[in-house]
Amino acid sequence: EAWAADEALAKGEVLGPLHGVPMTLKDSLDTAGVLSTGGTKGRANFVPERDATVVARMRSAGAILLGKTNTPELTLAGETDNLVYGRTNNPHDHAHSPGGSSGGSAAAVASGMVPCEFGTDIGGSVRVPAHFCGIWGHKGTWGLISKQGHDHPLLAGRDAHDGALSIAGPLARNAADLRLLVELTRAVPLEARGRRLADCRMLLLVDHPSCPTDSAVRGPIEAAAAELERAGLTIDRASDLVPDLAAQQGDYMRMLNVAMARGMPGPDGKRASATDWFDMLDTQARNEAAWAQVFDSYDFVLAPPAPVLAVAHREGRV
C-alpha cells in the first residue's frame, strides 16, 4: 500500500487527506483481513471480513494500517494487559501504565510509532491513556462518530455492549490532527463557531467531590488557565450551574453496570428490567440537559482528564 501511495503521488494523484499516513488501530475495532482479538483468547484467531466504519473511512482517506494496538480483555479495564498479547508499557517509563482501555493506542502515538490512532471511550478509555502518555485524545458527543464494527468480542455481529455510553475517538500528537480525524469520520454535521477568545467564557473545574486532584495535575491546569486569562478569556472557578457531580457519577455507574451485564444480575444481585433501563435513559437525558444549561453560559469547561499522572503497573492481571 505504501508503494502504491508513492506511485500515485509520482503521477500527481492524491488518495485523500491522509495519503500514505501510517496508523494503527485499537484491537477491538474490526479490520478486514487482519486479526481483531479485542484482547480476549476467545477471539484470538478472529479475522473480520470487513472494516469497522471508522477504519473504512481512514483507509478511504489514504491511511495505511500498520497493525493493531493492545487493549485489556474485552476493553474492560484501566490497565492494558491481556492473555493474548500481555502487558503494554507507558513509553515514557516502562514501570508505569499507559492507562486503558486504549492504552496500546496512546503508547503507539506517544512513542512515535504512528502520528494518529483511533480508540474507544466509555469512562475515560481514550482520555486517560492520552493523559498518561502525554498526547491528545478526544471523546466526542455520543453518535458523532460511528462505532459500527466495534462489537463486544463475544457478541460479534451485534451492537456494542456499551452502545448508549461509549464512543470511537481519535488520538494524536496535536489538536489540529484531532480535528482532521473527526472531520473525516463524523457521522453528523459539526456546528462551526468562530469567536474571539476575549469574547468567550470558561468554567474551571479542578476538583470532583469524590476524587481529589493531585498537585501534579492541578498545577499545569492552573497554569494553562492563567495563560488563557492573559489572552483575554474570562474564567470562572465556580458556578451554581454545575450539576451534582457525585449524583451524576452514581447515575453513570448504574447505567454502566447494567449495560455491561447484558441481562445478568448486577453488583446488587438483581436483574434490571426494561423499565429500569428506560428510567436510566430518562435520567441520562436529564443529565445531558443539565450540562446543556451550563453551556448556555460557558463556551468551555476545563477539567482534569484524570486526578493523577500515569500510575505504576498493578500487580497481577486484571
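The first residue in the sequence is number 1, and the count goes up from there. Note: hydrogens, waters and symmetry copies are ignored here, and every other heavy atom, side chains too, is used.
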Can you name the nearest heavy-atom pair linking [X] to [Y], along with the distance?
X: D214; Y: A216; result: OD2-N, 2.8 Å
X: T80; Y: G104; result: CG2-N, 4.0 Å
X: G123; Y: Y252; result: CA-OH, 3.2 Å
X: A306; Y: H131; result: CB-CD2, 3.6 Å
X: V294; Y: L241; result: CG2-O, 3.4 Å

All salt bridge (charged side-chain N to carboxylate O under 4.0 Å, His left out) counterparts of E227, not counting sequence neighbours: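 Applying salt bridge (charged side-chain N to carboxylate O under 4.0 Å, His left out) to E227 gives R230.
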Sequence-distant partners of R57, salt bridge (charged side-chain N to carboxylate O under 4.0 Å, His left out), two or more places apart: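 Applying salt bridge (charged side-chain N to carboxylate O under 4.0 Å, His left out) to R57 gives none.
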Set of side-chain contact (heavy atoms from CB on, under 4.5 Å) partners for L190, sequence neighbours left out: L144, V182, E183, R186
Sequence-distant partners of A8, side-chain contact (heavy atoms from CB on, under 4.5 Å), two or more places apart: E13, L15, H19
Determine yes or no for a side-chain-to-main-chain donor-acceptor pair under 3.5 angstrom, with [X] supplying the side chain and [Y] the backbone.
X: R173; Y: W136; value: no
X: K11; Y: D6; value: no
X: N89; Y: P91; value: no
X: N82; Y: T71; value: yes

Path from F118 to L18 over hydrophobic side-chain contacts below 4.5 Å: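 F118 and L18: one cluster.
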[atom1]/[X] to [atom2]/[Y] distance, rounded to the nearest 0.5 angstrom?
X: K26; Y: S105; atom1: NZ; atom2: OG; value: 6.0 Å
X: E79; Y: R87; atom1: CD; atom2: CZ; value: 6.5 Å
X: I235; Y: L302; atom1: CD1; atom2: CG; value: 7.5 Å
X: I145; Y: H150; atom1: CD1; atom2: NE2; value: 13.0 Å
X: L25; Y: D51; atom1: CG; atom2: CG; value: 8.5 Å
X: L171; Y: D177; atom1: CG; atom2: CG; value: 11.5 Å

Derivation and outcome, salt bridge (charged side-chain N to carboxylate O under 4.0 Å, His left out), residues R286 and D279: CA-CA 11 Å; R286 287 193 292 272; D279 286 344; over 6 Å; no
Residues [X] and [Y]: side-chain donor-acceptor under 3.5 angstrom:
X: D236; Y: S239; value: no
X: T37; Y: D27; value: yes
X: S36; Y: T31; value: yes
X: S101; Y: S125; value: yes
X: T69; Y: E117; value: yes
X: Q248; Y: N287; value: yes
X: H313; Y: N90; value: no

Does [atom1] belonging to [X] count more than 12 external heavy atoms closer than 6.0 Å?
X: R237; atom1: CZ; result: yes
X: N45; atom1: CG; result: no
X: R201; atom1: CZ; result: yes

Intermediate values then yes/no, side-chain contact (heavy atoms from CB on, under 4.5 Å), V84 and T40: CA-CA 6 Å; V84 182; T40 180; 5.5 Å; no
Verdict with supporting geometry, L256 and L165, side-chain contact (heavy atoms from CB on, under 4.5 Å): CA-CA 8 Å; L256 180 65; L165 293 169; 4.0 Å; yes
Summary of salt bridge (charged side-chain N to carboxylate O under 4.0 Å, His left out) pairs that have at least one residue in residues 287-309, sequence neighbours excluded: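 Sorted result for residues 287-309: R195-D299.
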side-chain contact (heavy atoms from CB on, under 4.5 Å) between H138 and V126, intermediate numbers included: CA-CA 7 Å; H138 183 63; V126 162; 5.7 Å; no
Residues that R218 engages under side-chain hydrogen bond (donor to acceptor under 3.5 Å, both in side chains), provided they are two or more places apart: D207
Stepwise side-chain contact (heavy atoms from CB on, under 4.5 Å) check, M23 with I64: CA-CA 6 Å; M23 68 180 301; I64 297 174; over 6 Å; no
